[in-house]
Amino acid sequence: MLLSFVRKFKHIGILAILALVAVSSAQAEMLRMGMITPPPHIWNNVAEHFADDLLASSDKNFRTKIFPLGKLGGEQQMIDMLQSGGIQMAVLTAGVLSNRESSISGWFMPGMFADIDAAINAAASSSAQEMLRKLSDHQLVGLGYTMAGMRHVLSREQIDSLQAFENRKVRSFPNEVFSDWWQGLHAAPTAMPLSEVTPALNTNLLDIVDVDLDIVVGLKLYQQAPNLLLTNHMAFPGIIVASKPWWDSLSDQQRAMISASISKAERWGFDLTKQREQESVDTLKGLGVNIESFEMSKLQTVMDAVVKKYTSSNSGIAEFYQQNTQ
Ligand code: BEZ
């Protein structure tokens, strides 16, 4: 009789454990997170760091599946999906989000940051945080920044003077400030998403690429364009965003848990970006890329003209510029 009681008890115990597992896995939520960058990119590393941290802190109740290289669609499509709640999270370029919230273009004021450390420090400024808050007018929740390296100039032929930019076919990021910058240098900019850069280089459609070093290494762009001019001409943040309809459906506790994981990943990512900026220069040197610096004072007139145009027409950009250049 005792034996049959123990057997029955064991049976009930197993059933109870199975039921608990079923309930907890029914509660676990899968977050879909889209991004356009390739898996080795800093932004993807930051996304993975966030995913691991949230998995642990939520006791496996939030799992995050990362879709790199635009596998969920281009940035505009991802914005549509976030707005409708079709996906939960994404890392989007500040460039594309500036089409929704124009003050975000403040990040692209040429010559504003001497180096990546200065750009990273600006992320904590109240004007940079205000840019994130304003995304809620567009059904998006700006959760934090992840910084790609500074923008530099990669070219087929060596660039050794201001005149060398003239009439050159330049891959420019699709954003008005980038276009003004390259036109100011009398180059011929073509707005082009990242996914089109390698094919355009392969078919000789480009002389110059405006890009960060992590991308140059990750996409091996130096194979077609072996000259690198270190200009630091602009910063290039990514913004970690959530779908507002989804975010509003969470409890305060869940939102706090996700925000804490974002903050940790953000800080971790900033350190990684600083380290990667130097490592990429060393990697490219080792690969035989011709690396030169540029006398940036030669670009001052064009920088000033672009900064004046945007700071005089957008109060958010003016405040961001003022707060971070004092
Ligand atoms: C680019 O289009 O240059 C780019 C996009 C995402 C991350 C880094 C660079």
Side-chain angles (χ1 to χ4, degrees), residues 33-48 50 66-79 89-99 104-105 107-108 110 113 116 119-120 123 144-155 169-182 187 189-201 205-222 224-225 228-241 265-266 269-270 272-274 276-277 279-281 283-284:
M33 187 180 214
M35 49 208 313
I36 57 165
T37 40
H41 194 265
I42 295 162
W43 294 1
N44 301 57
N45 300 156
V46 169
E48 282 154 20
F50 160 76
I66 298 163
F67 296 83
L69 285 167
K71 288 200 188 322
L72 289 178
E75 295 205 281
Q76 292 298 346
Q77 282 168 295
M78 281 194 263
I79 291 176
M89 297 183 75
V91 180
L92 299 173
T93 58
V96 83
L97 286 170
S98 68
N99 296 332
I104 292 177
S105 277
W107 282 102
F108 309 132
F113 304 113
I116 192 65
I120 285 172
Y145 288 101
T146 174
M147 207 64 74
M150 298 296 286
R151 305 297 285 197
H152 300 282
V153 173
L154 190 74
S155 57
K169 294 172 282 178
V170 181
R171 176 276 165 149
S172 159
F173 184 84
N175 168 283
E176 205 191 348
V177 186
F178 282 80
S179 168
D180 284 344
W181 166 247
W182 284 108
T190 303
M192 191 179 277
L194 193 56
S195 55
E196 289 172 24
V197 173
T198 301
L201 276 171
L205 287 175
L206 294 173
D207 301 313
I208 292 176
V209 181
D210 176 325
V211 75
D212 70 82
L213 299 184
D214 210 23
I215 291 288
V216 176
V217 174
L219 296 183
K220 301 190 173 143
L221 301 181
Y222 53 84
Q224 301 97 332
L228 175 65
L229 200 57
L230 295 174
T231 54
N232 284 302
H233 58 277
M234 288 177 197
F236 199 79
I239 300 186
I240 308 168
V241 287
E266 193 183 40
F270 288 160
L272 180 66
T273 305
K274 291 181 199 176
R276 203 63 84 72
E277 189 81 347
E279 275 172 11
S280 297
V281 172
T283 304
L284 293 168

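Note that ligands are numbered from 1 as they come in the structure, with each ligand's atoms numbered from 1 the same way. Keep in mind the model is a prediction, meaning the values are calculated, not measured.
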task = Starting from the C-alpha separation in whole Å, work towards a yes-or-no answer on side-chain hydrogen bond (donor to acceptor under 3.5 Å, both in side chains) for Asp207 and Ser155.
result = CA-CA 6 Å; Asp207 301 313; Ser155 57; over 6 Å; no
key: side-chain hydrogen bond (donor to acceptor under 3.5 Å, both in side chains) evaluation trace for Thr146 with Glu266   = CA-CA 6 Å; Thr146 174; Glu266 193 183 40; over 6 Å; no
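To the nearest 0.5 Å, the span separating NE2 on His152 from CD on Glu277 amounts to 4.0 Å.
In the vicinity of Ile215, heavy-atom distances shorter than 4.0 Å reach the ligand 1 atoms 8 (C), 9 (C). Heavy-atom proximity to Asp212, at under 4.0 Å, picks out these atoms of ligand 1: 8 (C), 9 (C). When each atom of ligand 1 is checked for a heavy atom of Thr93 under 4.0 Å away, the hits are 5 (C), 6 (C). Residue Arg151 approaches ligand 1 through these ligand atoms, each under 4.0 Å from one of its heavy atoms: 1 (C), 3 (O), 9 (C). Annotation for ligand 1: atoms under 4.0 Å from non-hydrogen atoms of Thr37 are 6 (C), 7 (C).
Between Phe178 and Phe236, the ring planes lie perpendicular to each other; the angle is over 60°, past the 30° to 60° tilted range.
In this structure a side-chain-to-backbone donor-acceptor pair under 3.5 Å is present from Arg171 to Asp210.
Residue contacts with ligand 1 for Arg171 involve side-chain atoms from C-beta outward but no N, CA, C or O (heavy atoms, distance under 4.0 Å). Counting heavy atoms closer than 4.0 Å to ligand 1, residue Val197 contributes nothing at all.
Residues Val96 and Ile79 are in side-chain contact: their nearest non-hydrogen atoms beyond the backbone lie under 4.5 Å apart.
Closest to atom 4 (C) of ligand 1 among all protein heavy atoms lies Phe236 CE2, 3.6 Å.
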